[in-house]
Number of protein chains: 2
Amino acid sequence: MKILIVDDEANIRRVVREYAEFEGYETDEAGDGMEAVTMAKATDYDVIIMDIMMPRLDGYSACKEIRKTKNTPIIMLSARGEEYDKLFGFELGIDDYVVKPFSPKELMARIKAVSIRRSAAQQPMPERITFEGLEIDMAGREVYVNGQKANMTPKEYDLLFYLVKNRNIALTRDKLLEEVWGYDFFGDDRTVDTHIKMLRNSLGEYRKFIVTLRGMGYKFEA
Amino acid sequence: MKILIVDDEANIRRVVREYAEFEGYETDEAGDGMEAVTMAKATDYDVIIMDIMMPRLDGYSACKEIRKTKNTPIIMLSARGEEYDKLFGFELGIDDYVVKPFSPKELMARIKAVSIRRSAAQQPMPERITFEGLEIDMAGREVYVNGQKANMTPKEYDLLFYLVKNRNIALTRDKLLEEVWGYDFFGDDRTVDTHIKMLRNSLGEYRKFIVTLRGMGYKFEA
DNA sequence: ATCAATGTGAATAATCTGTGAATTTCCCGG
DNA sequence: CCGGGAAATTCACAGATTATTCACATTGAT
């Protein structure tokens, strides 16, 4: 278990780190949002603990940036009196928040709560999702475009389902190859492009949900 | 979707309510067990979230009382250290437990899980099902095609029944082998194909219900 | 304008499924 | 313990579908 601690005050970082290490976590530290984003993208942390008020890049923006490529659980630290409403900007993907001054014991409890949810229950992905006129039934392996069943190839289903499961986050070609094709695929990157093309054709007007991220890969944007 | 939030601490109620409303639920609040019972009996909630330690009437007693007239799914909130009571709780018909301090996101996930589970499990699997001219009597282990009894082999029955029980769900060959043949079967995947073939023959015109999912497996599509 | 990244159509290679038949296993009565 | 038939499993092959590669067109950023 590895956690990333982000705060501009070294004192706070130290306190959190000491408790976390006492609980048996490995820790990394970042002093501002920019650093945090870089580190979070480079390493797969189990939890990120991040202050809101920070120089260079604040916690909200850092969170937003990290969420583009990772789904790491994030716990925000907020000073009492800080805009409380913003804490409920869950569209940012914040998993929990703790108000400063906090008891380290409570923070540890929250870390456990957040990470348990991760490992234990592989998030109960709903079996059926609808985006406008695009219905996706993963359990039944069916896709309906404006009510009409789409007839897609196996790879198209696999690719679409993976994109949808990880919607709104950027996926590189390599990541897609590894997750959809399998770790043992050693072919061309561009194979992904061809399948994206075919998938787009199958989705008709709803091809718009599949966004190209130039220089990066693709994502399903709902 | 309407949920009832029961806790004597207004702060906790507020946090849960804000998360829940963000997720699109309607919410009501109760500050103690007595209130909760009154409200739960008057209104059909989809889920009730209730603290254990409360003035006037504790969570257990409230749960017991509500259960006398309603089957609403109940998620209990318990302070750390009340672990022992957990076992006792499930006997009362508690659907899930969340330990305080909890991650609101986790709580939301549990609400979803519980409400889905409830609605799905509500209808017990009938033992006899008819699809057009295909009658399937699982209890009697008989199948009628256009009124005439089909004479099938044991594996055909097992396979058909499993497919029907899981109709409209995509099933891989591996899954079928594990569930129908048993975890200790170490033979060839394609064995499934052969049995599907024989099953299709036995079903005559109703073979149409057994759909091949290329690259995946099969499913019974009603 | 230029260069790299992406979209696309077509050719080829690889994979998958249905099926008939051969082989093995299982089950029972003798 | 054995034989015989039913059932289960494996096997091989054809036909159809799908995946991959490649070349070229198009797009987008600087």
Problem - Separation of atom CG in B:Asp188 from atom P in D:dC11, rounded to whole Å - result: 7 Å
Exercise for the section: May I ask you to decide whether B:Arg173 forms a salt bridge with B:Glu178, counting only side-chain N to carboxylate O separations under 4.0 Å? Expected result: no
Practice task
Give a yes/no on whether any side-chain N or O of A:Tyr218 is located under 4.0 angstrom from OP1 or OP2 of C:dG7.
Solution key: yes
Problem - B:Arg173 side-chain N/O to C:dT17 phosphate OP1/OP2 under 4.0 Å - result: yes
Problem - Phosphate OP1/OP2 of D:dC11 contacted by B:Arg190 side-chain N/O (<4.0 Å) - result: no
Practice task
Quick one: closest heavy-atom pair of A:Ala62 and A:Leu57, and the distance?
Solution key: CA-CD2, 3.9 Å
Handout entry: A:His195, nearest nucleotide to its side chain (from D:dA8, D:dA19, C:dG7)
Key = D:dA19
Practice task
Report yes if at least one side-chain N or O of B:Thr212 is closer than 4.0 Å to OP1 or OP2 of C:dC16; otherwise report no.
Solution key: no
Problem - Under 4.0 angstrom between A:Trp181 side-chain N/O and D:dA19 OP1 or OP2 - result: no
Problem - Aromatic centroids of B:Phe131 and B:Phe220 separated by under 6.0 Å - result: yes
Practice task
Figure out the CE/P separation between A:Met216 and C:dT6, and round it to whole Å.
Solution key: 11 Å
Handout entry: Interatomic distance, B:Phe186 CZ vs D:dT10 P [rounded to whole Å]
Key = 13 Å
Exercise for the section: Just compare D:dT18, D:dT20, D:dT10 and give me whichever is closest to any side-chain atom of B:Thr194. Expected result: D:dT10
Practice task
Map A:Met198 and B:Pro154 onto DNA chain D by nearest heavy atom, then report which one ends up closer to the 5' terminus.
Solution key: B:Pro154
Problem - Electrostatic pair B:Arg141:B:Asp158 at N-O distance under 4.0 angstrom - result: yes
Handout entry: Nearest listed nucleotide, side chain of A:Arg214, among C:dA4, D:dT9, D:dA19
Key = C:dA4
